[in-house]
Q: 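Next up is a structure, given as structure tokens.
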Amino acid sequence: MAARRLSGVLSRSLSLRPLSSSIVSPGKRSNLEGELRRFGTAAALEEPITPSVRINYTQLLIDGKFVDSASGKTFPTLDPRTGEVIANVAEGDAEDINRAVSAARKAFDEGPWPKMSAYERSCVLLRFADLVEKHNDDIAALETWDNGKPYEQAAKSEVPMLTRLFRYYAGWADKIHGLTVPADGPYQVHTLHEPIGVAGQIIPWNFPLLMFAWKVGPALACGNTIVLKTAEQTPLTALYVAQLLHEAGLPPGVLNIVSGFGPTAGAALASHMDVDKIAFTGSTETGKIVQELAAKSNLKPCTLELGGKSPFIICEDADIDKAVELAHFALFFNQGQCCCAGSRTFVHERVYDEFIEKSRARAQRRTVGDPFQKGIEQGPQIDSEQFEKILKYIKSGVESNATLECGGDRLGSKGFYIQPTVFSNVQDDMLIAKDEIFGPVQSILKFKEIDDVIKRANATRYGLAAGVFTKNIDTANRLTRALRAGTIWVNCFDVFDAAIPFGGYKMSGIGREKGIYSLNNYLQVKAVVTALKNPAWL
């Protein structure tokens, strides 16, 4: 779930302290003696830049109004650069979910949104896209502040993609229709594609705006109403853009937003008897819980976009310089916090050593620092929990005798910055090769034969995405058909377009988002059969 790669990145260099002995001692480390590791960094040690955007919306959005939670409770949303509080946000729970679902149900059953012409709904979405475009820089600043991703990434790729996605779904709104079906006998048969009703949606923290678009866009285009639960780490941008949607003419109650926590607000939404459909993006473990709650309540259908451990296969004929750059991007993009990250880099044995050397050098050039600073490629991880989880996986890699080529420690003493980390000599049974780390940790494995790498690449519970880098079209075709994943990128990675479907095989999820396939998630098909009397033809 990423946008296009940003170009023109500036390189900087700063000497860092060596990796702490508690992590490095059990395993191997490449070229340690007498060497200070140098990373391209704009030092997370500098005072963070204060963004100019104002925070105007911290309450729940229910029935077109910003309101406090029923309990009056709030929770802090933190700046990942410092760990300090940005704002206190209303904390919704089951009672607030009930209020939001009630508003959404009334808006669907009695309100104007489902009864509008599809063209009128399309116009609302287009006006919203225009407003997002107008407020691009403020939205991007808020996303960076709350999430830690580079401002250039948010402003030049992700907010424009939000705009593009809503224009795409606006285009679909008046092109949704059923079929006329021939039947055996004197019957007139046609199908209706109807909105499913009240959609419950739960979005993650790594791409808050894009996940908002992936879910809200198709649901609105199909004429549904929505209750959206934001991630507790990143609640701010959804509230901001929701206000713009209402400014564009969205009727009250059509989109309701509850900020809160999974065990309370999320569970209440997934198990609610008056929610007709649930869509969730997040971890596989939480996805299982969401599906169970949906099944045990009213058997509501689920769309699940879950975890991944995507292979990126570098063949022996690859242009190594290009392969190194692409594999680097495939893993480190968005601080490595990407469900489809190319987190298992398989490299043919004939080019393995050269690839390792150049991958280490590229990681050391990666610019890390305040994401508001120009030229920064990598900001902080989202929070302390994710930060500590990544460091534990790094320690596990060292203890498993993978070779730590570079990185492996925190950067600075403030915030949640981690050095870009590269492991070589990684084996398939190591945790860093099996588990979704969700951080800036590249694991590089060696392979000899195509048959072998196909088996190894597929030997995972996940199947979200995969990458192939080769000059041979026969090799590319063979791999694209053999790899069991929802998206295969050939000589590219993280290419996301509004029309390209996205979703996983196996335990990476159920259903597809984006493109025409996403509309099916929010529609019911009704067959209408009418008896004909003395028809002129059948």
Q: Checking Lys215 now: which residues fulfil salt bridge (Lys or Arg N to Asp or Glu O under 4.0 Å) with it, not counting sequence neighbours?
A: Glu513
Q: If you look only at pairs with a residue in residues 431-446, which of them pass as a salt bridge (Lys or Arg N to Asp or Glu O under 4.0 Å), with sequence neighbours excluded?
A: none
Q: Surrounding NZ of Lys175 (heavy atoms of other residues, nucleotides or ligands, distance under 6.0 Å), is the total greater than 12?
A: yes
Q: Apply side chain to side chain donor-acceptor pair (under 3.5 Å) to Asp146 and Thr77, showing your working.
A: CA-CA 7 Å; Asp146 210 17; Thr77 184; 2.5 Å; yes
Q: Assign the ring pair Tyr168 / Trp172 to parallel, tilted or perpendicular, where the plane angle (0 to 90°) is split at 30° and 60°.
A: perpendicular
Q: When you compare the side chain of Lys514 with that of Tyr169, does any pair of heavy atoms fall below 4.5 Å?
A: yes
Q: Which residues satisfy the side chain to side chain contact (heavy atoms under 4.5 Å, CB included) test with Pro160, sequence neighbours excluded?
A: Asn136
Q: Show which side-chain atoms of residues 501-510 pair as donor or acceptor with protein atoms under 3.5 Å away, not counting sequence neighbours.
A:
from	atom 1	to	atom 2	distance (Å)
Lys506	NZ	Asn458	O	3.0
Lys506	NZ	Thr460	O	2.8
Lys506	NZ	Tyr462	O	3.3
Ser508	OG	Gly307	O	2.6
Ser508	OG	Gly463	N	2.8
Ser508	OG	Leu464	N	3.2

Q: Could you tell me which residues satisfy salt bridge (Lys or Arg N to Asp or Glu O under 4.0 Å) with Glu292, sequence neighbours excluded, listed by chain and number?
A: Lys296
Q: Taking side chain to side chain contact (heavy atoms under 4.5 Å, CB included) as the test, write out the residues that go with Asp321, two or more places apart.
A: Asp319, Lys358
Q: What is the distance from atom SG of Cys339 to atom CE of Met211, rounded to the nearest 0.5 Å?
A: 7.0 Å
Q: Please round to the nearest 0.5 Å and tell me the distance separating atom CZ of Phe261 and atom CD of Gln233.
A: 8.0 Å
Q: Under the rule for salt bridge (Lys or Arg N to Asp or Glu O under 4.0 Å), what residues qualify as partners of Glu316, not counting sequence neighbours?
A: Arg350
Q: Please check: side-chain N/O of Ser310 versus main-chain N/O of Gly342, any donor-acceptor pairing under 3.5 Å?
A: no
Q: Can you check side chain to side chain donor-acceptor pair (under 3.5 Å) on Asp317 and Thr470, steps first, answer last?
A: CA-CA 6 Å; Asp317 64 345; Thr470 180; 3.0 Å; yes
Q: Looking at Ile444, is its backbone amide N or carbonyl O close enough to the side chain of Tyr352 to form a donor-acceptor pair, meaning the two atoms are under 3.5 Å apart?
A: yes
Q: Looking at residues at least two apart in the chain, or sitting in another chain, which of them share a side chain to side chain contact (heavy atoms under 4.5 Å, CB included) with Thr82?
A: Pro48, Asp79, Glu84, Lys414
Q: Within the 4.5 Å heavy-atom criterion, are Ile356 and Asn425 side-chain neighbours or not?
A: no
Q: Ignoring hydrogens and angles, tell me if any N or O in the side chain of Lys149 forms a donor-acceptor pair with the backbone of Asn206 under 3.5 Å.
A: yes
Q: Check the pair Glu158 / Phe207 against side-chain contact (heavy atoms from CB on, under 4.5 Å), numbers first and verdict last.
A: CA-CA 8 Å; Glu158 295 188 17; Phe207 293 97; 3.3 Å; yes
Q: Could you state the interatomic distance from CG (Leu391) to CD (Gln381), rounded to the nearest 0.5 Å?
A: 9.0 Å
Q: Who are the salt bridge (Lys or Arg N to Asp or Glu O under 4.0 Å) partners of Arg167, not counting sequence neighbours?
A: Asp130, Glu133
Q: Nearest 0.5 Å, please: how far is CG in Asn491 from SG in Cys315?
A: 9.0 Å
Q: Within this structure, what is the CZ-CD1 distance for the pair Phe346 and Ile314, rounded to the nearest 0.5 Å?
A: 11.5 Å
Q: Looking at Pro208 and Ile203, what are the two nearest heavy atoms and their distance?
A: O-CD1, 3.8 Å
Q: What is the ring orientation for Phe166 with Phe212, classed by angle as parallel under 30°, tilted 30 to 60°, or perpendicular over 60°?
A: tilted
Q: So do Pro371 and Pro380 actually touch side chain to side chain, heavy atoms under 4.5 Å?
A: yes
Q: Test your reading of the model: is there a side-chain donor-acceptor pair from Gln419 to the backbone of Ala363, 3.5 Å cut-off?
A: no
Q: Applying side chain to side chain contact (heavy atoms under 4.5 Å, CB included), can you list everything that pairs with Ala265, at least two apart in sequence or on another chain?
A: Ile97, Lys229, Val258
Q: Using distance only, find each side-chain donor-acceptor pair of residues 447-454 under 3.5 Å and give its atom names and separation, not counting sequence neighbours.
A:
from	atom 1	to	atom 2	distance (Å)
Asp451	OD1	Arg478	NH2	2.0
Asp452	OD2	Arg456	NH1	3.3

Q: Please enumerate all residues that pass side chain to side chain donor-acceptor pair (under 3.5 Å) together with Gln201, with sequence neighbours excluded.
A: Tyr522
Q: Taking Arg81 for its side chain and Ile49 for its backbone only, find out whether a donor-acceptor pair lies under 3.5 Å.
A: yes
Q: Out of curiosity, Glu325 CD to Arg362 CZ, how far, rounded to the nearest 0.5 Å?
A: 4.5 Å
Q: Quick one, Ile139 with Val241, criterion side-chain contact (heavy atoms from CB on, under 4.5 Å). Give me CA distance, side-chain angles, the key distance, then yes/no.
A: CA-CA 8 Å; Ile139 297 169; Val241 298; 3.9 Å; yes
Q: Take Ile390 and Phe438 through the side-chain contact (heavy atoms from CB on, under 4.5 Å) test and state the conclusion after the steps.
A: CA-CA 7 Å; Ile390 295 165; Phe438 230 59; 5.8 Å; no
